[in-house]
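What you see below is based on every heavy atom in this structure, not just the backbone, and it leaves out hydrogens, waters and symmetry mates. Chain A is the first sequence line, chain B the second, and so forth, proteins listed ahead of strands; every chain is numbered from 1.
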Amino acid sequence: MKKLICVILALALLCASALAAGSFNLGRDFEEKYQDGVSSAAQMGDTLYMLGYNHVFEWHMGDADVTVYEMSTAPDDDNVYSRIQNIFVWNDRLCVLCVNAFYGDSESRIEGAGVAELTLSDGKAEINELLALETDDLIISEGGYEYFCQINGIVCTGDYLCMSMYDSSYMPAVYIVNLGDGSGYFAPTENAESVVPYDEGRILVRSCDYDAQKISFDIYDIENESLTAACEPLDMATGGSQAGLAYDSAADTLYFLSEGYLKAAEHFDLANAKNVAELSGEYYNNQPGLLLPGGYYAFSGYDGTFIRSTNPDDMMENYLSVQDYTYSQTVNHAYDSFNNSHADIAAVISREYREDAKIIEDMMNRASDTDIYIMANTMQAYSALYDRGYMLDLSGNEKIREFVNGMYPALRDACVRGDEIVSLPVQIYGFTLCADMKGFEALGYAREDIPTYWPDFLDFLNTIADELPEDGSIRIFDSYMTQRDARWNLFYEIMNDYSLYLSANGREKGYDTPELNAALEKLQQVDFEAMGLREAEEDEETEGFIAYDVNPDSHTLLQTGNGCTLGNFCYNGIPLLLSFDADAEGLIPIDLYSAFVNPFSENPDAAMDFLSALVENADDSLLYNTSDRLNDPMHYSGFEESIAEWEEEIRKMRDSLAEAEPVDVPVLEEQIAESERYLEEYRNNGWQVSPESIEWFRAHAGQMTVNSYDYLNGDNASEVYELYSQFIEGKIDVKTLLKGIDQKAKMMAMEGN
Amino acid sequence: MFKRKKSLLLFLLPPLAGLLLFYVVPFFGGIYYSLTDGSYKNAFVGLQNYINIWKNEMFLLGLKNTMQLSLICAPLVWLLAFVIALQLNRLCPKGALLRNSILLPYLMPASAMLLVWLLAFDYGGTFNHILHAFGLERISWLEGTALRVPIVLLFVWKNLGFAVILFLSALQTVPKPLYEYADLEGAGFFRQAFGITLPLISPTAFLVIIIEWIGAFKIFREVYFIGGAYPDMSVYTLQNYMNNMYNKLNYQNVTTAAYSFALIVFILFAVLFGLQRRMQNNLR
Amino acid sequence: MAKKKLYRPRRHLLTRLLLTLLALVILLPVIVTALYSFFSPEEISAFMQTRGSWDESAWLDLRLAPKLVSLGQYYKILITDTSVLRMFVMSVFYTAAILLGQAVFVPMLAYALSRFEFRGRNLISAGVILLMLLPYQVTMVPNVLTLRRIGLINTVWAVILPMWFTPFYVFLLRQFMASLPDVIFEAGQVDGAGTVRCYFHLALPVCRPAIGAAIALSFADCWNLVEQPMTYLSQRIDLQPLSVMFNQLAAECSGIEFAGAMIYILPALFVYLYFLEDILSGIQLTELK
């Protein structure tokens with residue numbers, strides 16, 4: 001009983017502190033619950049409306065949850081779809097932008113666009129068009145296809161609608177619509193990325209000039225069509241980033257999101273902006289933020305809606321700063337569960353790019369600003385920090401220890417330094433050359449007939465090029481590829497495999513080796529013309545879109561850069577795993593993103609907690625690929641529902657068959673048979689993780705090798721790329737190419753770490 | 001010579017404190033640092049770093065190249081500066097314009113200079129044009145051992161002016177009548193220069209060689225700009241090694257390499273000091 | 001001093017000719033830089049792209065005149081990008097602050113080491129020489145740790161304070177002061193001047209040429225600071241001086257390097273010419289020997 005009271009008290013305290021801290025997250029579960037996410041939001045009084053793809057979510061301040069309204073996305077009788085986007089408030093009416101589009105087999109048309117009122121009742125959202133827009137400036141035409149321009153954000157002020165968008169040449173622009181008559185024009189802005197209300201009749205425009213490396217804030221007066229600068233332009237390199245803008249005209253304060261915080265800048269003094277709250281969403285889109293009554297701020301991103309108090313006194317005393325490069329769900333969930341279970345400290349996730357040199361300098365300076373880093377193992381900073389032991393020992397945490405020790409040896413080794421566990425995988429995937437075995441079988445080759453040794457394999461390509469059927473139903477590479485593309489792709493596969501081979505056999509070997517020479521010499525002899533590939537891309541304009549071949553009997557034998565880890569395993573194929581050793585199969589390339597703790601962190605215990613939250617929230621991909629603890633095949637999400645819908649559809653067709661005129665029967669029967677065939681196909685192939693891929697992966701898990709930082713992907717990448725292009729263009733031969741890479745790569749290896 | 005203790009402390013203590021804090025303490029701190037494993041825990045490893053470094057081929061290569069390059073650069077600048085200063089001194093005061101113009105390169109920032117150098121030493125650039133005009137084969141200056149030529153020239157070009165000015169200021173202290181006397185004696189230019197003038201200005205001459213030598217040890221920016229972090233083997237200097245180690249967060253190797261190098265430099269300069277002392281003593 | 005014609009005019013002429021030629025060769029890259037600063041950024045970038053051709057028959061044709069005389073580079077640096085101006089101010093600030101501090105501390109130590117007799121003098125002098133010869137990297141890491149401990153890292157003082165005590169200039173001045181004849185100080189003492197008065201009224205004025213040379217050298221050092229701001233101010237880009245910007249650009253040409261070089265060099269040149277006269281027309285040291 002005592003215990004229970006304690007727990008209840010603790011929970012109450014937790015909730016109280018969460019409220020006091022003035023932060024609230026909504027819609028983290030929309031994806032799971034409704035297969036929907038918020039694309040834009042609007043606010044009316046103390047109510048927040050969030051627009052999804054086919055839902056509208058309503059939230060009143062103070063409520064624990066949202067009210068959901070469903071929205072129909074079905075086409076009308078003429079097969080015209082109404083796409084509902086960008087919710088906003090006009091004259092106290094809840095409105096949306098509504099685009100009517102017709103999608104045919106070989107054409108698409110925009111039938112029109114307008115502003116529509118949204119009426120919410122009984123769990124349904126109804127749409128009534130109020131005003132049609134002049135759409136001439138807003139439609140992109142390409143061949144027979146018409147698209148509506150992408151609208152990033154909408155601001156309604158007075159009787160004007162201001163849209164930040166990409167215009168028909170995909171350039172950022174601001175478009176002003178007069179809601180009196182639906183006419184519109186482009187505002188005289190350049191490089192405008194986002195717009196927010198400034199005051200009555202004026203909007204604030206944020207622009208990024210990538211040529212001059214400047215970010216500027218301007219105020220646009222709609223009536224007078226005049227643009228004035230709000231402040232000195234900021235340097236892109238030093239000015240930071242500003243997302244989720246919201247401007248409070250009464251206090252002359254600009255709110256924006258940067259580095260995991262909500263910041264407030266008075267009088268546009270952005271350099272001295274103050275953190276007022278933690279806010280770690282994925283806010284790299286150009287959506288504006290919203291100011292709610294009572295000093296609250298709301299931002300809707302892809303992964304939910306975040307409400308924060310703008311009062312800095314509501315901030316916590318302590319924050320755990322996480323630098324993340326993955327955008328993985330594992331991190332998002334860990335963030336949620338960490339912040340929900342800690343009352344005295346909150347995690348802040350920053351996703352701003354930081355240079356390797358900066359991270360290394362921070363370490364030398366013993367900076368404690370960042371507590372946890374989550375980055376790719378191939379980054380120079382990761383390799384330096386790992387080699388030098390600048391990662392906190394995580395072995396003390398049982399959850400982490402158990403998870404890491406349970407991983408495949410190759411992965412575990414990448415996380416262990418000496419006898420310490422120093423990093424924790426957060427994301428894992430691998431890409432390599434894959435083969436469509438059905439296609440090979442159709443040509444009369446079994447898996448054993450395909451050589452695994454790179455030079456032999458390249459010879460083999462020449463052999464099968466001559467055996468391809470005349471009708472083009474089986475081809476070696478996708479038909480959209482040119483000869484140059486194919487050469488590049490194969491070359492990259494060779495170089496990637498070789499880098500992997502070096503990480504397994506010691507980088508001192510270098511690149512000018514008989515193994516690599518042999519493979520590349522063979523690549524020079526591959527006859528890409530005989531494979532029926534186009535020579536160049538000159539005729540691309542006239543050819544238009546290349547229709548995707550859905551014929552089940554047609555096969556593309558090779559897919560470069562295809563997935564070889566569970567969850568994104570190559571569709572109807574298997575990885576080939578080519579090698580540089582005539583007698584053995586090659587390696588499975590593994591790209592890891594790992595989390596580790598800054599040894600100078602001032603919150604090491606909280607950091608450990610966050611890492612164990614990462615373990616607890618490890619996503620399926622991690623569980624499948626790091627060990628064999630998860631072995632059940634998995635269907636795509638919504639698999640059951642899709643099957644049920646499909647069956648329902650077929651049942652309806654059968655019903656109509658009974659009542660059909662005799663002349664229509666054969667056509668209908670044909671349709672039903674086709675639907676059933678597709679259903680069967682989906683039933684068999686609707687795997688996120690298929691039993692076959694699991695079987696293959698478990699059998700080959702021993703060949704996993706983790707990609708790490710090396711000469712080819714470091715600072716010298718541009719220099720190396722230069723050599724690569726010359727080689728592909730035929731300007732230099734294999735010897736020159738490899739000599740060019742080899743000496744420097746060897747120097748780097750010989751320096752040691 | 002003064003002997004008063006109180007006023008000595010007044011002059012000695014404030015600068016000495018700064019010197020201790022910003023140079024001596026870090027110097028000894030650095031020694032300690034070079035004896036640790038360089039992880040954030042800084043475990044003591046004794047002389048292991050020194051042993052590792054002296055076994056590392058790249059360190060040895062960098063050391064060798066640095067020594068070679070500095071042995072080419074420093075004497076070259078020294079000699080050229082001495083001869084030019086002598087000539088300018090004769091023209092004094094009308095040589096002011098010339099003197100100022102050769103100082104200009106010293107103030108040029110590296111970025112623009114690099115671009116000019118890249119143009120001049122391009123395969124189709126000015127220098128190959130000149131070679132071609134004389135009927136010689138083109139040389140790919142920016143690759144292989146030939147890369148040393150532009151680098152040495154860049155160093156000489158940049159540092160010549162300063163050395164000249166140091167020499168000039170010293171030459172003004174040489175009494176003119178001495179030359180007249182030497183002229184009457186029929187001493188040639190070289191005998192005058194090296195037999196009479198040089199011993200008279202030997203402290204400055206010594207200073208110049210030190211400055212230039214230290215400067216030459218630091219040849220790096222030029223190499224880095226042209227060749228990147230891993231330039232051709234022939235111009236890979238110790239600074240390259242240290243910079244790369246720095247980027248690998250291997251500070252104890254940076255420090256160890258620096259101390260190893262410093263030790264060599266100390267020995268070299270101790271010998272030079274000795275020579276200069278003897279030269280001065282002989283003069284007295 | 002009476003001016004005498006010491007040499008035959010014809011030999012003079014040859015020397016003059018040779019020196020002028022040499023000066024021209026040395027000046028050529030500077031002239032080219034000045035010339036290219038009036039090319040438009042686009043033209044200069046495009047021109048730089050033509051480098052690196054290995055074609056045996058092709059030559060890189062050096063442009064001697066822009067298609068259109070353009071102030072584009074200057075405009076870009078001075079008007080479009082205000083950060084250059086800020087960095088320029090920082091450069092001036094660092095240079096002034098460092099030189100002022102050096103003017104206070106360096107001659108003091110040199111004076112103490114050269115004109116006083118005390119135990120440990122030679123040890124300190126040797127130490128100064130030793131420190132002077134140290135490569136920058138030796139003390140870089142420990143220096144960062146020291147500066148961090150006393151809370152100066154990422155402040156302007158991290159760059160300024162250590163420079164006040166640069167051993168090289170102590171060595172330079174000590175050498176000079178030590179070579180001064182004892183007689184003048186003895187004369188001062190006879191006149192009743194204490195050590196402090198001797199310092200201000202004898203040592204400093206007499207050392208003017210050496211101090212001038214030291215200032216000239218140190219000015220170049222300060223104006224060209226690169227490593228220190230980069231390591232000690234790594235988290236404060238707003239405190240970086242101009243030298244960092246113009247000395248760390250990659251081989252990729254962004255089209256504004258030449259105008260940047262001109263803007264960078266002019267103030268330095270101005271200060272230089274001013275001080276040079278001071279150094280070279282300073283007191284005739286012969287009188288002192």
Side-chain angles (χ1 to χ4, degrees), chain B residues 1-4 7-8 11-12 14-16 18-19 22-23 25-27 29-30 33 87-88 90-91 98 100-102 104-116 118-119 122-126 129 157 168-169 173 175 180 203 217 225 242 251 254-255 258-259 261-262 265-266 269, chain C residues 6-7 15-16 19 23 26-27 29-30 32-33 48 51 53-54 58-60 62 105 108-109 111-112 115-118 130-131 133-135 137-139 141-143 146 161-162 164-165 167 175 195-196 209 213 220 246-247 249 251 253 257-258 260-261 264-265 268-269 273 279-280 285-286:
Chain B
M1 284 287 167
F2 302 122
K3 283 175 183 154
R4 268 193 253 157
S7 49
L8 165 70
F11 284 106
L12 189 64
L16 203 60
L19 209 60
F22 295 114
Y23 293 88
V25 169
F27 176 75
Y33 214 79
Q87 301 299 333
L88 272 176
R90 285 200 218 168
L91 300 179
L98 293 173
N100 291 345
S101 53
I102 58 175
L104 261 180
Y106 193 74
L107 299 171
M108 292 293 278
S111 58
M113 276 313 85
L114 167 80
L115 293 179
V116 174
L118 287 179
L119 284 176
D122 193 66
Y123 195 63
T126 323
H129 244 300
W157 176 78
L168 268 180
S169 68
T173 66
E180 287 168 49
F217 283 145
F225 273 139
M242 293 198 262
Y251 304 131
V254 175
T255 334
Y259 276 102
F261 182 55
V265 173
F266 288 159
F269 282 105
Chain C
L6 296 174
Y7 304 105
T15 317
R16 191 172 280 269
L19 281 176
I26 288 177
L27 269 185
V30 185
V32 168
T33 306
M48 284 294 160
R51 284 188 305 112
S53 154
W54 298 100
W59 294 106
L60 188 79
L62 282 176
F105 292 110
M108 270 168 80
L109 188 56
Y111 185 60
R115 306 301 335 167
F116 285 85
E117 235 175 25
F118 59 95
L130 209 110
L131 292 176
L133 297 174
L134 281 186
Q137 283 85 354
V138 167
T139 51
V141 179
N143 236 335
T146 314
L161 284 185
W164 281 358
F165 310 97
Q175 288 289 88
T195 49
V196 179
F246 286 124
N247 280 306
L249 295 182
C253 176
E257 281 85 353
F258 295 108
Y264 182 81
I265 191 174
L269 189 68
L273 295 183
I279 305 167
L280 297 173
L285 295 179
T286 31

Review point. Given that the side chain runs from C-beta out, which part of B/Tyr33 has a heavy atom under 4.5 Å from chain C: side chain, backbone, both or neither?
Key: side chain
Check your understanding: Does any heavy atom of chain C fall under 4.5 Å from the side chain of B/Phe269, the backbone, both, or neither of them?
Key -> side chain
Can you see which heavy atom on [X] is nearest to which on [Y], and at what distance?
| X | Y | result |
| --- | --- | --- |
| C/Ala112 | B/Phe11 | CB-CB, 3.9 Å |
| C/Ala23 | B/Ile102 | CA-CG2, 4.2 Å |
| C/Leu130 | B/Phe27 | CD2-CZ, 4.1 Å |
| B/Tyr106 | C/Ala220 | CE2-CB, 3.1 Å |
| C/Phe105 | B/Pro15 | O-CB, 3.7 Å |

Check your understanding: At a heavy-atom separation under 4.5 Å, does C/Thr195 approach chain B through its side chain, its backbone, both, or neither?
Key -> both
**Study point:** Segment of C/Leu109 engaging chain B (4.5 angstrom heavy-atom cut-off)
**Key:** both
Review point. Yes or no on side-chain contact (heavy atoms from CB on, under 4.5 Å) for C/Val30 and B/Trp157, after CA distance, side-chain angles and deciding distance?
Key: CA-CA 11 Å; C/Val30 185; B/Trp157 176 78; 4.0 Å; yes
Point to revise | Donor-acceptor contact below 3.5 Å, side chain B/Tyr251 vs main chain C/Pro142 | key: no
Revision key, fill the gap. In terms of heavy-atom pairs under 4.5 Å with chain C, the winner among B/Tyr259, B/Phe261, B/Phe22 is B/Phe22
Revision key, fill the gap. The reported gap from CD1 in C/Ile265 to CG in B/Leu104 (rounded to nearest 0.5 angstrom) is 4.5 Å
Review point. Rounded to the nearest 0.5 Å, how far apart are CG of B/Leu12 and CZ of C/Phe118?
Key: 5.0 Å
